[in-house]
Engineer: 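One structure follows; several queries about it will come next.
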Amino acid sequence: MIGERPSSAADAGADTGEARELARARAGDVAAFGALVRRHQERVFRFLHRMLDAREEAMELSQDVFVKAWQALPGWRPEAAFSTWLLQIARNAALDQLRRRQVVRFAPLEEGMEVADEAPGPEARYASRQRQVQLERALRRLAAEHREILLLREVEGLAYGELASVLGIAEGTVKSRLARARSALLEHFDPHTGASHE
């Protein structure tokens with residue numbers, strides 16, 4: 001499932017390796033930072049691409065995010081998860097880019113993505129794709145703050161505490177903003193029928 005995390009055993013191994021890479025990178029080891037980039041670049045790019053709906057811009061901004069992370073790494077506090085910190089930098093970069101454009105758009109979900117069904121026939125696949133198109137249309141109509149919190153929670157799978165850290169708000173505010181974002185989405189989209197409310 002999208003946003004699912006690896007098993008705790010795999011997670012622990014990854015955390016140990018990442019902790020070593022972070023320590024070395026903070027000491028100026030470029031190769032260790034390169035390993036961190038490889039570990040997180042897909043997630044950062046995917047988030048930026050969906051926020052900006054522009055592949056080239058997302059690629060450029062992904063590079064900028066890692067340059068900023070490298071420059072700010074000495075000041076990074078280990079009590080904040082590195083992946084959450086990176087998404088916070090990516091979020092700020094995306095919002096800056098959207099402000100520069102003066103347009104807020106939502107990037108469509110990956111092409112050909114279908115809801116998993118037991119042996120879906122052509123009609124079921126068509127209906128699924130239509131629901132996805134309607135959902136994307138509804139998401140494009142949301143304010144950036146609503147779209148970003150839905151993406152971070154529902155697609156990236158961030159916990160409330162991580163959302164609070166990335167967005168720079170209190171955990172209670174995360175819950176209320178998420179509720180408002182879901183409510184705003186429902187004004188434009190019926191999850192049961194897939195109908196878009198124009």
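The analysis underlying the following values was restricted to heavy atoms, covering all of them including side chains, and did not include hydrogens, waters or symmetry mates.
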Engineer: Could you grab the distance from atom CG of Leu142 to atom CD1 of Ile149, nearest 0.5 Å is fine?
Structural biologist: 12.0 Å

Engineer: Hey, does the Lys NZ or Arg CZ of Arg24 hover above the aromatic six-ring of Phe33, less than 6.0 Å from the centre and inside 45° of the axis?
Structural biologist: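 Relative to the ring axis of Phe33, which defines the angle, Arg24 lies outside at least one limit.
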
Engineer: Return the minimal non-hydrogen interatomic distance between Ala31 and Arg38, and the atom names on each side.
Structural biologist: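 Looking at all heavy atoms of both residues, the shortest contact is O-NH2, 4.5 Å.
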
Engineer: Within the 4.5 Å heavy-atom criterion, are Arg77 and Trp85 side-chain neighbours or not?
Structural biologist: no

Engineer: Does a donor on one side chain and an acceptor on the other come within less than 3.5 Å for Gln97 and Arg100?
Structural biologist: yes

Engineer: Closest heavy-atom contact between Ala90 and Val44?
Structural biologist: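 The pair with the smallest heavy-atom distance is CB-CG1, 4.1 Å.
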
Engineer: Grouping I, L, V, M, F, W and Y whenever their side-chain heavy atoms are under 4.5 Å apart, do Leu98 and Met59 come out in a common cluster?
Structural biologist: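 No, because Leu98 and Met59 fall into different hydrophobic clusters, even though each may have its own neighbours under 4.5 Å.
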
Engineer: Do you reckon Phe45 sits in the same ILVMFWY cluster as Leu86, going by side-chain contacts under 4.5 Å, direct or chained?
Structural biologist: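 No, Phe45 and Leu86 fall in different hydrophobic clusters.
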
Engineer: Could you give the distance from CZ (Arg180) to CG (Leu185), rounded to the nearest 0.5 Å?
Structural biologist: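 One finds 15.0 Å between CZ of Arg180 and CG of Leu185.
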
Engineer: Mind checking the NE2-CD spacing from His49 to Glu42? Nearest 0.5 Å is all I need.
Structural biologist: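 The CD atom of Glu42 is 13.0 Å from NE2 of His49, to the nearest 0.5 Å.
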
Engineer: Side chains of His40 and Val65: closer than 4.5 Å at any heavy-atom pair?
Structural biologist: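 The answer is no; the side chains never approach within 4.5 Å.
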
Engineer: Between CG of Leu87 and CG of Leu48, what distance do you get to the nearest 0.5 Å?
Structural biologist: 8.5 Å

Engineer: Considering only heavy atoms from C-beta outward, does the side chain of Leu73 approach that of Leu22 to under 4.5 Å?
Structural biologist: yes

Engineer: Just wondering, do Leu36 and Glu18 contact through their side chains at under 4.5 Å, heavy atoms?
Structural biologist: yes

Engineer: Taking the side chain as every heavy atom from C-beta outward, state whether Arg177 and Arg153 have any atom pair closer than 4.5 Å.
Structural biologist: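 The answer is no; the side chains never approach within 4.5 Å.
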
Engineer: Quick check for you: to the nearest 0.5 Å, what is the distance between Asp64 atom CG and Glu57 atom CD?
Structural biologist: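 Here the rounded value is 11.0 Å.
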
Engineer: Under a 4.0 Å N-O cut-off, is there an ion pair linking Arg141 with Glu187?
Structural biologist: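 No salt bridge links Arg141 with Glu187.
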
Engineer: Do Trp70 and Val37 touch side chain to side chain, with heavy atoms closer than 4.5 Å?
Structural biologist: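 When only atoms from C-beta onward are counted, Val37 and Trp70 do not touch, as no gap falls below 4.5 Å.
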
Engineer: Which heavy atom of Leu150 sits nearest a heavy atom of Arg182, and at what distance?
Structural biologist: CD2-CG, 3.8 Å

Engineer: Closest heavy-atom contact between Ala170 and Ala164?
Structural biologist: C-CB, 4.2 Å

Engineer: Within a reach of under 6.0 Å around CZ of Arg55, are more than 12 heavy atoms found that belong to other residues, nucleotides or ligands?
Structural biologist: no

Engineer: About how many Å separate CZ of Arg147 and CE of Met51, when rounded to the nearest 0.5 Å?
Structural biologist: 5.0 Å

Engineer: Do Glu21 and Arg39 make a side-chain contact, defined as non-hydrogen atoms from C-beta onward lying under 4.5 Å apart?
Structural biologist: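 Heavy-atom side-chain distance check passes, below 4.5 Å.
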
Engineer: Could you tell me whether a side-chain N or O of Arg26 sits under 3.5 Å from a main-chain N or O of Trp76, the two making a donor and an acceptor?
Structural biologist: yes

Engineer: Do Phe66 and Ile89 make a side-chain contact, defined as non-hydrogen atoms from C-beta onward lying under 4.5 Å apart?
Structural biologist: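 Sidechains of Ile89 and Phe66: no contact.
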
Engineer: Do Gln41 side-chain atoms and Ser62 backbone N/O form a donor-acceptor pair below 3.5 Å?
Structural biologist: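 Such a contact is absent between Gln41 side chain and Ser62 backbone.
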
Engineer: Would you say Phe47 and Val67 are hydrophobically clustered, going by side-chain heavy atoms of ILVMFWY under 4.5 Å?
Structural biologist: no

